[in-house]
2 protein chains.
Amino acid sequence: MNGAVVLFTERGYAGTSLDEVCKRARVTKGALYHHFSGKQGLFEAAFDAVEQDMLGRLAEIVSQPGDVWQTSMEGLRAYLQVCLEPAYQRIVLHEGPVVMGYEAWKQAEERFSFGLVRTAVSGLMDSGLIGELPEEPMARLLFGALAGGATMIVAAEDQKKASEEIGRCIESVVAGLRALKETGWTDRAVTTGQ
Amino acid sequence: MNGAVVLFTERGYAGTSLDEVCKRARVTKGALYHHFSGKQGLFEAAFDAVEQDMLGRLAEIVSQPGDVWQTSMEGLRAYLQVCLEPAYQRIVLHEGPVVMGYEAWKQAEERFSFGLVRTAVSGLMDSGLIGELPEEPMARLLFGALAGGATMIVAAEDQKKASEEIGRCIESVVAGLRALKETGWTDRAVTTGQ
DNA sequence: GTTTGCGCCATACCGTCGGTATGGCCGACA
DNA sequence: TGTCGGCCATACCGACGGTATGGCGCAAAC
């Protein structure tokens, strides 16, 4: 199981053979197929393991006391940090939707990382810090932005610098939504630019 | 070739067999392997075809005269529309990075859709409409947000409504960056929220 | 204590599919 | 007319996901 996470991370889903997983786990395919429904089932188990690991570490950060803005920003930064881990990036962000199918992946994410982002957005809106934009689309955009930023960070030569830049940009985006609310622009003003 | 795009779109990369592609194109594997280096080469050709098709339709919209803000917003809306097309979504956005590898996918995107987003962001910054945040990360975030929003739209029951919501949210995000610049908040104000 | 049944897993095998090796067909060109 | 090379059809190989079968051990039933 742990070996499966390693192999899926290093070689991807298609590049990982079940024989190799069995060899690393010191079992045979009979045992593997007794515990999992097949290669996809094994992948979903690895997916869940990675997500659970992430969730456990993030939960305490998000649940700490403090104002909504502070905890939201810390949560975003912490999640961005998670997105840098190879296992999370490859298994959850990149191959998850392709291997599991987008619909199943979406439902799984609802219980894990996307749920975190959604509650952060919801908290910011409920406390009136950002405008009353539709919650689901905003959360989905932010989630996509985080994933896109994370993949850039990993591909960067100076990951530390890239990570800080992305973090600042994310905060600027959310701060922009806050500024937009406080200046009280109308919808028309937004679309025309004046 | 066109049949390959259809099959990769409907059944994905792993679910598409070369025999099926050959049958649809009325050729044999000998012919296929004469023109393409293999399954991955075939996928990359399909990828290029889809991207070229997209680029041709978007170029005229972006290149039309008008102020930077207007054309940028129209470009974002138009690209969002492209993201709704099944072929683009599955081949370019979802399976591209997995099949081609993230590094090759990133380089290809640089010539196509990500290039468009990057020039839009660059234009907004150069004309002073949004603050001087680092360009590459901002473009990467916006690109991820667009992709995330598009996948949500496709999964929605009411795609038209979802598309309009996402469009408004995207504009709000960029408008927020504009408001942030005009109110002149400092970095410290951003991170502390006051 | 024996038997029956079941959970657990090892082994051998099959079907599919990506990829290759071989050779035939046909036009260009000397 | 001989031959050389681009183009492609056919037959085949190896790898891999998945399955069928059976053995082993343990616990409940009697």
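Quick note on labels: first sequence line is chain A, next is B, and so on, each numbered from 1. Hydrogens, waters and symmetry mates play no part in the numbers below; they use all other heavy atoms, side chains included. These numbers come from a predicted model, not from an experiment.
A straight line from CD of A/Gln40 to P of D/dG17 spans 13 Å, rounded to a whole angstrom. In this structure, the CZ atom of A/Phe43 is 16 Å from the C1' atom of D/dG17, given to the nearest Å. Nucleotide C/dC9 holds its P atom 11 Å from the CG atom of A/Leu32, rounded to whole Å. Here C/dC17 presents its C1' atom at 7 Å from NZ of B/Lys29, a figure rounded to the nearest Å. The distance between atom CG of A/Asp19 and atom P of C/dC13, rounded to the nearest whole Å, is 16 Å. Atom OH of A/Tyr33 and atom P of D/dC16 are 13 Å apart (whole Å). The separation between B/Lys23 atom NZ and D/dC8 atom P is 21 Å, rounded to whole Å. Here the P atom of nucleotide D/dG17 and the OH atom of A/Tyr13 are 8 Å apart, to the nearest Å.
Within residues 3-10 of chain B, no residue has a heavy atom under 4.0 Å from DNA chain C.
Every residue meeting the side chain to side chain donor-acceptor pair (under 3.5 Å) condition with B/Glu20, not counting sequence neighbours, appears here in chain and number order: B/Arg11. Checked against side chain to side chain donor-acceptor pair (under 3.5 Å), B/Gln89 has no partners two or more places apart in sequence or in another chain.
You'll find that the side chain of A/Ser17 is closest to D/dC16, out of D/dC16, C/dG18, C/dC9.
OP1 and OP2 of D/dA9 both lie 4.0 Å or more from every side-chain N or O belonging to B/His34.
Using cut-offs of 30° and 60° for the angle between ring planes, the A/Phe43 and A/Phe8 rings count as perpendicular.
Within the nucleic acid shown, A/Thr28 comes within 4.0 Å of at least one base atom, counting heavy atoms only. When heavy atoms are screened at a 4.0 angstrom cut-off, B/Ser37 is found touching no nucleic acid atom at all.
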(request) Output, in order, the C-alpha distance, side-chain angles, deciding distance and verdict of side chain to side chain contact (heavy atoms under 4.5 Å, CB included) for A/Leu116 and A/Leu55. (result) CA-CA 9 Å; A/Leu116 289 176; A/Leu55 198 58; 3.9 Å; yes

(message) Go through it in stages, so that I can follow the logic: the residues are B/Tyr13 and B/Met100, the test is side chain to side chain contact (heavy atoms under 4.5 Å, CB included), and I'd like the CA-CA distance, side-chain angles, deciding distance and then a yes or no.
(response) CA-CA 11 Å; B/Tyr13 182 78; B/Met100 303 163 63; over 6 Å; no

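Hydrophobic cluster membership differs between B/Val27 and B/Val21, with clusters built from Ile, Leu, Val, Met, Phe, Trp and Tyr side chains linked at under 4.5 angstrom.
The closest side-chain heavy-atom distance from B/Lys181 to B/Arg178 is not below 4.5 Å.
Mapping A/Leu18 and B/Val27 onto DNA chain D by nearest heavy atom places B/Val27 closer to the 5' end of the strand.
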